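Since the structure comes first, as structure tokens, the remarks are kept for the end.
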Amino acid sequence: MGNAAETQYWRSIGESVGEMEHADWADREFPEGAQELSDDFSRRDFLKLMGASAGLAGAGMLGVGCRRPEEIIVPFGTEQKPGQDYVHGVPMQFATAMPTRTGATPLLAVSNEGRPTKVEGNAKVSGRSATDIFAQASVLNLYDPDRARVFTLNDSPMSGGKVDAIKKLKELIGKKTAILMPASTSPSRARLIEAIGDQATFYVHEAADFGVHARGAKAAFGQDVTPYWHLDKAEVILSLDCDFLGTEEDSARFSGDFAQGRKVAKQTDGMNRLYSVEAILTQTGANADHRLRTRASAIPAAAAFIANALGKSYTVPKGSLSEKQEKWLTAAAADLEAHKGKSLVVAGYRQPEAVHHLAHLINDALGNNGETVTFLKTPANEFGSLADLASDLGKFDQVINLGCNPVYDGGTDVDGKAIVEKTTFRLVDYTEDESHGKTGVCAPRAHYLESWGDARTSDGTIVPVQPLIAPLFGAMSELEVLAVLADSESPRTAHEVVQATFDGENWERYLHDGFKQDSGYQAVSVSIANTEVTVSPAQADGLEAVFTLDYSVGDGSYANNGWCQELPDPITKITWDNVLMVSRQTAEQTGLENGKLATLTVGQHTVKGAVWVQPGQAEGTVGVTLGYGRSGKLRIANFEYQGQAKDIQVGGYNAYAVRGSSAVNVAQNASLDNTGEDYPLSSTQEHWSMEGRPIVREATLTEFKKDADFVNHMGLGAHARNEGPIYQHPYKERPRLASDMHQWAMSIDLSACTGCNACVIACQSENNIPIVGKDQVAKGREMHWLRIDRYYTGRDHNPKASAGLIKDEGQNGDDVQHTETWIDDPQVVNQPMACQHCENAPCESVCPVNATVHDDEGLNVMVYNRCVGTRYCSNNCAWKVRRFNFFDYNKRPINDLYGSSSMLKPSILTDWLTSREKSNRREDEWDLVKLAKNPDVSVRMRGVMEKCTYCVQRIESTKILKKAAAGAGDDVQVVDKDGLQTACQQVCPAQAISFGNLQEEGSEINREKANPRNYETLDFLDNRTRTTYLAKLRNPNKAMPDAYQKPFSTTEYHPEDAHGDDRGHDDHKEGGH
Amino acid sequence: MSEATGQPQVETSTPKELVREPLVLNNRPLGWITDQVAGIVEGDMPKWWNIAFGVSFLLMLMCFGYIGYLITTGVGVWGLNHPVAWGWAIVNFVFWIGIGHAGTLISAILFLLRQKWRTSINRTAEAMTIFAVICAGIFPGIHVGRIWLAWWLFPLPNANDIWPQFRSPLLWDVFAVSTYFTVSLLFWYMGLIPDLATIRDRLRKNAGKCKTGLDKMINRLKQFLYGLFSMGWIGSNRHWRNYEKAYLLLAGLSTPLVLSVHSIVSFDFAVSQLPGWHTTIFPPYFVAGAIFSGFGMVLTLMIPMRTIFNLEEIITVRHLELMCKVIMATGTIVGYAYGMEFFIAWYGGNPYELYAFKNRAFGPYWWSYWIMISCNVISPQLFWFKWCRTTPWFIFVVSIFVNIGMWFERFVIVVTSLHRDYLPSSWGYYSPTQVDILTFVGTFGLFMVLFLLFIRYLPTITIFEVKAVTPQADPHKVEGGADKVKGGAH
């Protein structure tokens, strides 16, 4: 493949998988001369040729078209072996990994004709096909139109591009150099750093520091170890401000392990119990059986109190805990003690080292170390931080920045501009971001899907980062830069570096499987080396600011990703913005209301953000979300509306502007001042209460053990006489309409679901779902096929008492819910909601043009081509899961949906005639946006309705494969082991979603549907939904001061039972209706 | 005339209260009626007509402009969202269709019931019906997402062999509305033929009075056009025989349509499973509401018209009073339906439905509900008082309230039911945009343009039918019942 190394474009399919016979014509620009090929010209060769021509055509047209990486990459697949031939039109999978701050997510990336379009978790490595939202969204980052495209020197393009940049880089060697880089676990990077040695000093910067886990362990055990939690083994878990289901690193693994203990299938099953102590309502707190809200600064005291309850004697600073809180902690400690060796106390990254230290001591006292938590020998961190660099800056002649953005996320104490001024070489994500410097070299930074690398997962397994596409804009990776610095004479390519690091037996197997056998960190046994802990007191009064990573955009690195921006926060359901979260009482005291702009002051620094009254928030705290308030030329994070919606502000506030390096997580003595201005917020769910409706059905474990059939004692269906359906069921009426081979169905376990949103974004990626922009979300026009409904329920909340009453002068009557007292300590329920695929589908019978119809396999299918857009189907859908294209969301930029400027262009008619592909988007954007699309799913135009299809494209391709494999045989029924999964099911970290064939005996879906917790939402409508839910179970501890006999949603449903005894629902009253 | 040759004893001694007021006042001669009505068409339009036409025309253009913007940009220019996928467009559609009910009811049902007072108002009412249905017909056409494919709602044979779905009420709408429009148009046009012939004849007679060449040309053209549309009517016995028969047949045909159209429109809602829509009371309640709103609009149009064109003697206070009684009756039916909906919501024991109705009255859209109640239930009850139903300006005010109330009724049904349905997670709020509002306002422009043209070019009152109900036309009386003293003889 000698020539292939020089070419930019992918010229043949064979090239990608390394077939040598194509080398002979690979250098020809247009291989149309079929007669020039050798005599043994076969049909297969012809098809390959056609494929190549198509590829070239595409590449030429788009300018940035389909390009294979230069080196040999190895496809993944059960049938495919390394080097196996490419089948035109069939997507290929490649094992790769997405590096994260502290590890890596092993992935299988889907390549469609050389374009990566979707990633899945690599179950071969982690045992699960799950990923978090960021892995799913990372695909879109690859095609971000704002990505830096050219190599620049002193802000002007370099003619030689990458070659010039490397030349320039070589010239920089020899000066006193500081290298600033993001965190990474790459063994190759570590090797190169070692090779560079004293030539440079290295600093690592991450906006969120997770190193406290290792530091806490070092403080307790005196060793360089990192705790590795086994939540699946823990029966009782206490989280000390640890959001392991959300913002904590490796949350997907934790969710999966945690869910293992929540999936109760029969009455004899056990269930884990989660206690959570935290200040802001996190996803972990939302899933807790008992939750204690307290100031973040009181958590060290709480940890010490727990330790004392277990026999230690630390000084608990006076006044940090209230009497009520102490009672709570005492009871929780007793429960932990009752589960010695089967419990786990975890501390979150927001908490200081002392809390982690105490957690280790408590776990030690409970005999959990080695059982529910093991310790992995990890390399010590030997690099300085950004703050260190800032103070050492004088010592250096230059800074080489490998992808950090110190001006944006450096915090208030770091003079990011000074670092920028000294920067001579920088890898940049965006053409112009906050740390954009006018001097030095700026090199586009390669995305992980277009560069070679490696990384270690959280357990240390070495995984390759394999590119699926040649860098779109000729970008460079940090390994390439470091390789030049390590050996300027003959720098090795990243591919060579990684290959050299691998140093194993079978490189191809490594690339194929996506991991190196037995390369994990070593688990070591540890013993307490130090019991000295100083517990700092809680802030007595006033406000404290709690900084938290955003659930959708993280630390801001996903702020320019449209999927992430439009992903509703799992707790607040707000899109496109971050908010200042305060409790109801704090808001009352400070005179704040939802959507008012307030000034947050921390020390001498201030920032203006929108206030959000958050149920479950601790008094006297303000939740401050990182990751927003970006500046620079970022057309998603920072776009401006045109036309009608000009007054819409976008992008939130920059929390880093008030975050000092001494208080990165919790800052004391903050203050909030109402500016009186309004700030529009776009929430996808405005109403918080379930209104006492049995939509999410819940019970406590005790109730379930008494009455396994509790789900059927709720809802209208349980009360109405069953007179039989008014309309005959279509399949019963005409049985020949139903296939006896396949009947698809879905089941969602609400006990396991944590509401993490991974399914939402996986669905968006799989099904080409457009984003619509903040102003459209505010209008209720978001397009998500799958949404997660989040309801708050309150202990003494009786929604029936006030149902439908005018509560406020406000627009939608929901304006006052944030002033109601029941929201202070709510329970939270989540419910993933997508098309229910009703058998008696109400949408189908009202469509005048037959655009939504039923197929013989039980799918409610939507024929986009036939839809004229009467929207009657949406009106008649009880779940409101249908989504309408109010505008041409795919073709129009989100800031100009209303504009008619292009309409008025004189060329409109000719444009339309010559190219139906015409878009209002900028050319560069349109080119890239198209590349991210899944070719198996239609891109919908304006005016049509769309909705969940159960990933029909996946069903069909599985059926086709099955048929192809069956040949003349009749083994064509798709069964569980064929691996058919919907996108949401595949990605779900908690494995809460099951999907499959009801006609397969003993299939997973049949087992799930046989679970006694199985129920249908709105069953009384007799729509016969194919998607059913498994009711949520809670596992409260009777001894707790905040114990409850029934979940709050049940007492909202049966208000008369709110203070009843623990007798379940056997003597069921109708009074609720 | 002396006692001896006077009328029979029994009539003279009829108590004053029992004497029906004549349908045409002041014993006007028959020729006067022709002069009065045909004069409007023949004479020049007053200044106000030109002004009103100009304003209406601009409003109509605005309506078309906004429709153009809608088509080129997307349905998103309206305030629609999830969950409120139908908004003003459907509200306006039902509103206009409702208005279109009075005309055919007056001409067909009242004809079959031998209600002679219909003759003064049926022509205008029918014209109003047709123009209202035109306005209504715009909305379902433009409210769909892909307007250029709206023709797929019609059962046209095509290569894909795909037919519309006959289970969908929207398809029933297509048939119901198009049939109603066609029959109403035919009925109206047929009723016009004798009067068109009258105007044609009068034009011919007046041709000699034309002074300039241009006037002559215009007169010729008019003669030709009126002649063309009067289809050679010469008023022969045979013509009249055929006419009467056909008119009766069409009246019979139209009668069920009056009831069916709005029943079917109500199915758009009643057939769904949405709380607040899914109620069996809808068809009769919608029909009553439609008659209610239709009469409201007839009064709104007719009260100024009778004053401006001095038609008070033909469209008398008695006419107005009778229409007020219809409004009062249908308004009461509508009020009963509102009450019954609430009762059933409670009695039915379905908490979702109960919520939907509580939410109507006390939820975020409470104001629209109470506007509806005060306009539709309270205001027509004023017609229990004779003064209220015999004072034109007062009736006019109430008729405006009826129009407003009935628009809000449809708004309440469409929007408040949709905005909060089964899952509270998807609850939302709907507000119209400028495009919504001005498109609706624009349809009034279109309506008025058509109506003003109607006044300008067609006889607004059925001349020949009114003549038939005058006292003079009574064949059982001497000189046709004309009064020698007060006049009325030829």
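For clarity, every value in this text was computed on a predicted model and none was experimentally measured.
Proximity to chain B (any heavy atom under 4.5 Å) is shown, for A:Y872, by both the backbone and the side chain. Residue contact with chain A, scored on non-hydrogen atoms closer than 4.5 Å, is absent for B:W367. For chain A, the nearby part of B:W163 is the backbone; its heavy atoms alone come within less than 4.5 Å.
Here B:Y352 is the residue among B:F357, B:F166, B:Y352, B:W277 with the most heavy-atom pairs under 4.5 Å with chain A. Contact count against chain B (heavy-atom pairs under 4.5 Å) is highest for A:T870 among A:V849, A:N1023, A:T870, A:T684. By number of non-hydrogen pairs under 4.5 angstrom with chain B, the leading residue of A:C847, A:S874, A:C867, A:A851 is A:C847. Note on B:D268, B:N350, B:L80, B:V75: by heavy-atom pairs under 4.5 Å with chain A, the leading option is B:L80. The candidate from A:R787, A:Q776, A:K573 with the greatest count of non-hydrogen atom pairs under 4.5 Å with chain B is A:R787. If you tally non-hydrogen atom pairs under 4.5 Å between each of A:M945, A:E782, A:M941 and chain B, the highest count goes to A:M941.
Evaluation of the salt bridge (Lys or Arg N to Asp or Glu O under 4.0 Å) test over residues 337-346 of chain B, restricted to residues two or more places apart or in two chains, returns B:E341-B:R360. Residue pairs meeting the salt bridge (Lys or Arg N to Asp or Glu O under 4.0 Å) criterion with at least one partner in residues 870-883 of chain A, sequence neighbours excluded, are A:K880-B:D421.
By the 30° and 60° cut-offs, the orientation of the rings of B:W86 relative to B:H143 is perpendicular. Note on ring orientation: taking the six-membered ring where Trp is involved, the planes of B:F282 and B:F269 are perpendicular (angle over 60°, cut-offs 30° and 60°). The aromatic rings of B:F440 and B:F95 sit perpendicular to each other, their planes meeting at more than 60°, with 30° as the lower class boundary.
Salt bridge A:R697/A:D1019: present, at least one basic N to carboxylate O contact under 4.0 Å.
With no hydrogens or angles considered, a side-chain donor-acceptor pair links B:N92 and B:W407 at under 3.5 Å.
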